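Just below is one structure, and these are the notes that go with it.
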Amino acid sequence: MPDYGHPLRFGSFLTPTAATPLRPVQLTLLSEELGYDLATFQDHPYQPSFLDTWTLMSFAAARTERIHLSGNVLNLPLRQPAVLAKSVASLDLLSGGRVALGLGAGGFWDAIEAYGGTRLTPGQAVDALTEGIEVIRGIWDTGDRSVLAVDGTQHHVRGAKRGPAPSRQVPIWLGALKPRMLRLIGRVADGWLPSLPYLQPGDLQRGMTTIDEAARAAGRDPAEVTRLLNVGVEASADDLVRLAVEDGVSTFIVMGDDEGGLRRFAGLFHEVRERVAEARSTSGTKERSRVRGPAALARRLPGIAYDDLSTALAERAVEPGDAAYARYRSGYLRGGAPGLALRPRTVPEVQEAVAFAREHRELPLGILSAGHGISGRSLNHGGLVIDVSALSSIEVLDVEAGTVRIGPGARWADVARTLAPHGLAISSGDYGGVGVGGLATAGGVGWFARSHGLTIDHLTAVELVLADGRVVRATPDDEPDLFWAVRGAGSNFGIATSFDFTAARVGTIAFAQLAFDASDTATFLERWGRAIEEADRTLTGQVILGQRRGGRRIAQAMLVVDADDPDTVVERLQPVAEVAPLVQQDVVLTTYDQVMGLFSSDEPQQGQGEPHTHSGLADHLTPELSAEVADLLDAGASYFFSIRAVGGAVSDVPSEATAYAGRSAAFSLSGFGASSRFDDAWERLVPHLSGSYLSFETGIGPVWLERAFPPAHLARLRELKRRWDPTGLFRDNFYISPSVAAEGPAA
């Protein structure tokens with residue numbers, strides 16, 4: 001039999017005993033400590049002396065950090081497949097992608113029937129398992145917009161809601177011995193999980209052959225099926241090496257609940273790995289962490305060295321033929337179709353991803369934290385995406401000082417929820433689904449802008465992986481030039497892997513939603529601008545305008561007042577409420593995390609095409625600017641126009657202190673359009689603007705950079721680009737070229 005080249009892994013097979021309920025958890029923790037890759041658990045739901053396996057796995061996942069978990073194997077006749085699919089995906093998401101699904105067709109039918117299950121013949125059990133796998137994968141396939149319908153004899157669903165999708169392709173391993181089950185594995189499963197003590201001489205080899213033949217007949221590469229084996233504690237290194245090299249087994253799971261046995265078996269890991277690696281070197285067998293079938297391989301794009309990825313990156317990489325690829329087809333507003341998405345989990349893996357990008361310098365490169373960017377530049381067509389969403393830690397370093405360390409993949413809603421119990425908050429945009437990485441390198445206009453400043457104004461340190469792969473920590477004292485550049489133009493200088501912030505003390509706040517009759521739009525905007533500029537700094541917010549309805553235009557305003565006294569809140573809102581006739585109002589006392597939660601969604605992003613937005617900063621809403629905005633809206637050039645309040649604490653910071661330069665502005669304007677008419681209308685606003693905030697801009701090229709960065713800022717940024725990224729690896733998000741001549745649309 002062949003060696004399929006799968007990486008060697010080792011697991012434990014534990015009994016979910018109820019007599020000492022914490023014992024299997026302790027053995028799981030020991031397995032993780034000893035370097036096991038996997039902890040698996042028996043599943044006999046009808047056994048009164050056993051804990052429920054799924055509950056035990058969930059508890060063990062919460063207690064561990066690294067080790068993967070699986071049933072060995074879950075009893076499908078007593079676990080409804082659609083619900084099981086949601087359970088598996090949920091635990092996978094909660095555990096950071098550490099779940100596998102081991103399934104069995106049944107057995108012990110008297111006990112199963114006693115618990116309400118249906119007694120099946122061997123043939124019916126195989127059919128039921130086939131149907132169950134179809135249901136499970138259908139629930140996970142959130143990229144498929146069709147009605148989920150499985151009209152099986154034992155399992156059937158019609159119209160069941162898909163999702164949640166697991167964080168990656170969860171492998172389905174089947175415990176099986178008989179030929180029909182083995183053929184099912186070859187056709188649809190990801191792994192074979194038998195127990196060596198139950199195999200007769202020749203069974204293992206015959207099983208491998210049957211699976212391989214069925215896989216080929218189904219158009220699959222036999223190596224798509226991982227070969228696992230439950231073995232006794234007495235297994236020797238010689239046994240394991242032979243089974244790996246001669247029979248193709250790559251995952252060995254030791255049966256038994258004895259601590260000494262687990263330690264002894266763990267003592268074999270190093271020797272077995274070394275000997276198998278030596279044998280593979282001699283035979284020319286290349287290790288393959290993940291094997292894709294012919295259909296998936298056919299969707300690979302030319303010019304990408306997919307097979308050159310390290311084992312760590314390859315395990316989680318997403319290609320166009322993978323089930324998880326739907327995540328990279330859509331951002332918040334923009335569609336995409338990258339050739340490869342890399343999903344590093346650690347700083348060294350980010351370094352490896354950057355090295356891979358350097359080797360593919362000719363391809364577009366997107367950096368994705370949550371995919372909520374208005375411009376959609378975290379995605380691309382045919383290029384690479386480095387998805388840092390797994391670097392999502394949120395750590396309060398010092399409650400009294402308010403110091404916080406946050407990963408780029410965290411979402412701001414999660415940050416707000418984590419800080420709220422400590423009475424802390426970081427002003428961080430107005431939508432909780434935004435990722436930390438993009439906002440914290442651009443600016444961050446949030447609900448506390450006038451009272452607390454921009455998000456970047458609370459940044460004290462940032463760790464970056466540079467274009468050459470070095471890891472640098474930039475602070476006001478260490479690499480201060482880089483620290484300056486990151487605060488407003490960070491996407492040009494590296495991939496941020498962590499941020500240190502000083503959070504502000506924030507308690508109860510007021511959140512107001514006001515609707516105005518803004519039919520006289522120019523007058524409304526003038527009065528709105530004056531009222532906001534004259535308001536107490538504790539008041540920040542935005543107003544949104546769109547098309548007229550029945551000749552009337554309604555302006556929707558959302559405001560935060562950083563105060564907890566109702567009388568104070570009313571006093572500070574009243575002048576703003578008087579700028580135009582109110583048609584609706586709602587004011588509540590709440591907390592910042594609840595406000596951020598209002599504007600956050602876990603639904604899959606469905607943006608397609610190319611968004612068309614422009615951005616500008618205005619020192620004041622002058623009569624001239626207000627009139628131009630009114631004309632733009634009346635002409636139908638923009639269907640959504642937002643004016644956010646800045647000024648206040650934002651303006652307290654000198655323009656030259658950060659790469660973000662628009663400190664004199666009291667307002668940040670952004671509009672959404674769909675044609676060149678919108679571009680032309682926007683240009684009539686430009687003479688009345690003092691800058692631009694690139695987070696809301698889709699225009700590319702020198703003119704947009706010059707609007708965002710004054711000449712001195714842009715000259716300094718180009719100089720720093722020459723120092724930190726001279727080849728322009730990071731060039732697909734408002735590229736600042738080292739030289740003026742080369743500046744333009746991303747290559």
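The structure presented is a predicted model; accordingly, all values stated were derived computationally and were not measured. Positions are given from 1, in the same order as the sequence printed here.
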(Q) Set out, in order, the CA-CA distance, both residues' side-chain angles and the distance that settles side chain to side chain contact (heavy atoms under 4.5 Å, CB included) for N492 and W724, then state yes or no. (A) CA-CA 9 Å; N492 266 267; W724 297 104; over 6 Å; no
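- Judged by distance alone, the side chain of Y592 and the main-chain N or O of I426 form a donor-acceptor pair under 3.5 Å.
- A donor-acceptor contact under 3.5 angstrom links the side chains of R663 and T658, judged on distance only.
- Salt-bridge check for D307 with R288: failed, with every basic side-chain N at 4.0 Å or more from each acidic carboxylate O.
- For the residue pair D477 / T475, no side-chain donor-acceptor distance below 3.5 Å is found, with atom types taken as modelled.
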Taking only distance into account, with no hydrogens and no angle test, what donor-acceptor pairs under 3.5 Å do side-chain atoms of residues 365-376 form with protein atoms, sequence neighbours excluded?
| residue | atom | partner | partner atom | Å |
| --- | --- | --- | --- | --- |
| S375 | OG | R377 | N | 3.4 |

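- Each of R290, R299, R300 was scored for a salt bridge (charged side-chain N to carboxylate O under 4.0 Å, His left out) with E319, with one residue passing: R300.
- At distances below 3.5 Å, not a single donor-acceptor pair connects side-chain atoms of R707 with backbone N or O atoms of G616.
- The closest side-chain heavy-atom distance from L419 to D593 is not below 4.5 Å.
- Between the side chains of D457 and H452, no donor N or O sits under 3.5 Å from an acceptor N or O.
- Listed for the N380 side chain is a donor-acceptor partner under 3.5 Å among the backbone atoms of L384.
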(Q) salt bridge (Lys or Arg N to Asp or Glu O under 4.0 Å) for D430 and R644? Distances and angles first, verdict last. (A) CA-CA 10 Å; D430 52 31; R644 291 171 169 82; 2.8 Å; yes
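- With Y431 contributing its side chain and W412 its backbone, the two residues share no donor-acceptor pair below 3.5 Å.
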(Q) What verdict does the salt bridge (Lys or Arg N to Asp or Glu O under 4.0 Å) test give for R723 and E479, after you've listed the backbone C-alpha separation in whole Å, the side-chain angles of each residue and the deciding distance to 0.1 Å? (A) CA-CA 12 Å; R723 176 181 171 189; E479 306 296 354; 3.3 Å; yes
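- Under a 3.5 Å cut-off, the side chain of H458 and the backbone N or O of G453 do not form any donor-acceptor pair.
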Q.
Applying side chain to side chain contact (heavy atoms under 4.5 Å, CB included) to L705 and Y735, what does each step give before you reach the verdict?
A. CA-CA 8 Å; L705 290 176; Y735 177 41; 6.0 Å; no
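- When all heavy atoms of L717 and A485 are compared, the closest pair comes out as CD2-CB, 4.0 Å.
- Across all non-hydrogen atoms, the minimal contact from P611 to L333 is CB-CB, 3.9 Å.
- Aromatic rings from F678 and F672 are positioned such that their centres are separated by 6.0 Å or more.
- Side-chain atoms of S167 and D92 form a donor-acceptor pair, as typed in the model, at a separation below 3.5 Å.
- Distance OG/S378 to CG/D387: 9.0 Å, rounded to 0.5 Å.
- Between atom CG of residue L694 and atom CG of residue N733 there is a gap of 8.5 Å, rounded to the nearest 0.5 Å.
- The OG1 atom of T727 sits 8.0 Å away from the NZ atom of K721 when rounded to the nearest 0.5 Å.
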Q: Take R417 and D414 through the salt bridge (Lys or Arg N to Asp or Glu O under 4.0 Å) test and state the conclusion after the steps.
A: CA-CA 5 Å; R417 280 191 286 267; D414 298 323; 2.5 Å; yes
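- In this structure, E706 does not pair ionically with R718, as no charged nitrogen and carboxylate oxygen lie closer than 4.0 Å.
- The pair D322-R292 meets the salt-bridge criterion, with a side-chain N (NZ, NE, NH1 or NH2) lying under 4.0 Å from an Asp/Glu carboxylate O.
- Closest heavy-atom contact between V354 and L466: CG1-O, 3.6 Å.
- With hydrogens and angles ignored, the 3.5 Å screen pairs no side-chain donor or acceptor of H6 with any backbone N or O of V291.
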Q: Go through E683 and H614 one step at a time and tell me if the side chain to side chain contact (heavy atoms under 4.5 Å, CB included) criterion holds.
A: CA-CA 10 Å; E683 288 305 305; H614 292 313; 5.9 Å; no
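- In this structure a side-chain-to-backbone donor-acceptor pair under 3.5 Å is present from E697 to S615.
- The two atoms that bring A666 and D619 nearest to each other are CB-O, 3.2 Å, heavy atoms only.
- A distance-only check finds a donor-acceptor pair linking the side chain of R329 to the backbone of G336 [under 3.5 Å].
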**Q.** Verdict with reasoning, F501 to V415, per side chain to side chain contact (heavy atoms under 4.5 Å, CB included)
**A.** CA-CA 11 Å; F501 292 97; V415 174; over 6 Å; no
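- Between R450 and A645, the closest heavy-atom pair is CD-CB, 3.9 Å.
- Side-chain N or O atoms of R343 include none that pairs as donor or acceptor with a backbone N or O of R168 at under 3.5 Å.
- Pairs passing the ring-ring contact (aromatic ring centres under 6.0 Å, His included) check and including a residue from residues 466-491, sequence neighbours excluded, read W484-H713.
- Considering every non-hydrogen atom in both A708 and A661, the closest pair reads O-CB, 4.1 Å.
- Rounding to the nearest 0.5 angstrom, the gap separating the CD1 atom in I495 from the CG atom in L729 is 8.0 Å.
- No donor-acceptor pair under 3.5 Å is formed between the side chain of R684 and the backbone N or O of L632.
- Atoms CH2 and OG, from W682 and S670 in turn, are 7.0 Å apart once rounded to the nearest 0.5 Å.
- Separation of atoms CG (L617) and CG (L669) is listed at 8.0 Å; rounding is to 0.5 Å.
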